[in-house]
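Here the structure is laid out as structure tokens; the discussion comes afterwards.
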Number of protein chains: 2
Amino acid sequence: MDSWVKKLNSKGIRCTAMRLAVIQTIRKTKKPLSPIQIFDLTRQKNPKLGLVTVYRTIEILEREGLIEHIHHFDNCQTVLPVGEGHQHVLLCIKCGAAVHFKGMELKNIFDQINKETGFQIKEHWMQLAGLCPACKS
Amino acid sequence: MDSWVKKLNSKGIRCTAMRLAVIQTIRKTKKPLSPIQIFDLTRQKNPKLGLVTVYRTIEILEREGLIEHIHHFDNCQTVLPVGEGHQHVLLCIKCGAAVHFKGMELKNIFDQINKETGFQIKEHWMQLAGLCPACKS
DNA sequence: GTAACTGCAAACGCTTTGCACCAAG
DNA sequence: CTTGGTGCAAAGCGTTTGCAGTTAC
């Protein structure tokens, strides 16, 4: 939590009680959350929170590279804290849990694609879904 | 084009002039299109087309597996005809062109992830972006 | 002739903006 | 005390729905 506050403060962004509550909801929940989910969860302890503050906090956190949007078929508005370094996201299709895993070696694949299609790959985005260890059994 | 009409007719879905015009726009344009882009492009030749028809046609085509949504950062509403079999999408970050390429062998990677994380991968979704051969030079 | 399709207008839900008040540094 | 943050209400925007008229098969 400290590192987030420090980073935000260094940009002149203040960490108010409401903003901290929103951040805590995002960080402690282990699955991607939509704005309205963050709103409902945070309001359980902070009934005065407004939905607008959630939107504005999401905007700031994403701009500062602390959270990222997760895209899953028709559901593209949920956010998740980013992983350390470049990582890919792994979602459980049963319980919704999300974990990051270290980016595998994809460079060979990109070289192969370059040979086949002539495309020079600049960005890649991979997301996997399946059953987490708990839901598998 | 015939195969699309045949598939739709077999489901009791009619191919009207407006619907065919929308389908043609989607098929002949080589990049992902948003509903409003499809609307504008199709209306150049069919000024009576309504935006609602575009939305309803997109819904049908996606349900029948003929088109798919492309997700690209904040831009998740564009559609593209699907590739043959399981393919991944390659987008040009300069001209917007989209091409499909045959899914590479990812099974080894998934086995490795399973060992590391305990996740059993059921779905994967990968999208790449870069410079197409024309835009590279 | 029946069932599907059409465009229009209205409704809907999510997101953003304007504003007066408040609070962090 | 200055600047950024807050909630509320309203506006904005993309998408969906209701409906009466139309068209494919």
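Each chain gets a letter, A, B and so on, in the order its sequence line appears, and its residues count up from 1.
Between Leu20(B) atom CG and dC5(C) atom C1' the separation is 13 Å, expressed in whole Å. If you take CD1 of Ile58(B) and P of dC5(C), they are 16 Å apart, rounded to a whole angstrom. Between the CG atom of Asn9(B) and the C1' atom of dC5(C) there is a distance of 13 Å, given to the nearest Å. When rounded to the nearest whole Å, the span between CD1 of Ile13(A) and P of dG5(D) equals 7 Å. Atom CG of Leu51(A) is separated from atom C1' of dA10(D) by 14 Å (rounded to the nearest Å). Note: NZ (Lys6(B)) to P (dA24(D)) measures 21 Å, nearest angstrom. Going from atom CD of Gln77(A) over to atom C1' of dG14(D) covers 14 Å, rounded to whole Å. Whole-Å rounding puts the Leu8(A) CG to dT3(D) C1' distance at 16 Å.
Which of dA24(D), dC8(C), dT3(D) sits closest to the side chain of Arg14(B) comes down to dA24(D). The side chain of Thr16(A) approaches dG5(D) more closely than any other nucleotide in the set dT17(C), dC5(C), dG5(D). Across dT2(D), dT6(C), dC8(C), the shortest atom-to-atom separation from the side chain of Met18(B) is found for dT6(C). In this structure, of dC5(C), dT16(D), dG25(C), it is dC5(C) that holds the atom nearest to the side chain of Arg19(B).
Arg56(A) contributes no side-chain N or O that forms a donor-acceptor pair with the base of dT16(C) under 3.5 Å.
Salt-bridge annotation for Glu64(A) and Lys7(A): absent, with no side-chain N of the basic residue lying under 4.0 Å from a carboxylate O of the acidic one. Look at Lys115(B) and Asp111(B) and you find no salt bridge, because none of the NZ, NE, NH1 or NH2 atoms lies under 4.0 Å from a carboxylate O.
Residue Phe39(A) is grouped with residue Ile26(A) when hydrophobic side chains (ILVMFWY) are merged at heavy-atom distances under 4.5 angstrom, including chains of intermediate members. Follow the hydrophobic side-chain contacts under 4.5 Å out from Ile38(B) and you never reach Leu91(B); the two are in separate clusters.
Closest-nucleotide positions on DNA chain D for Ala17(B) and Val52(B) were compared, and the one nearer the 5' end corresponds to Val52(B).
The backbone N or O of Ser34(A) lies less than 3.5 Å from a partner atom in the side chain of Gln37(A), making a donor-acceptor pair.
Here Leu49(A) lies in heavy-atom contact (under 4.0 Å) with sugar-phosphate atoms only.
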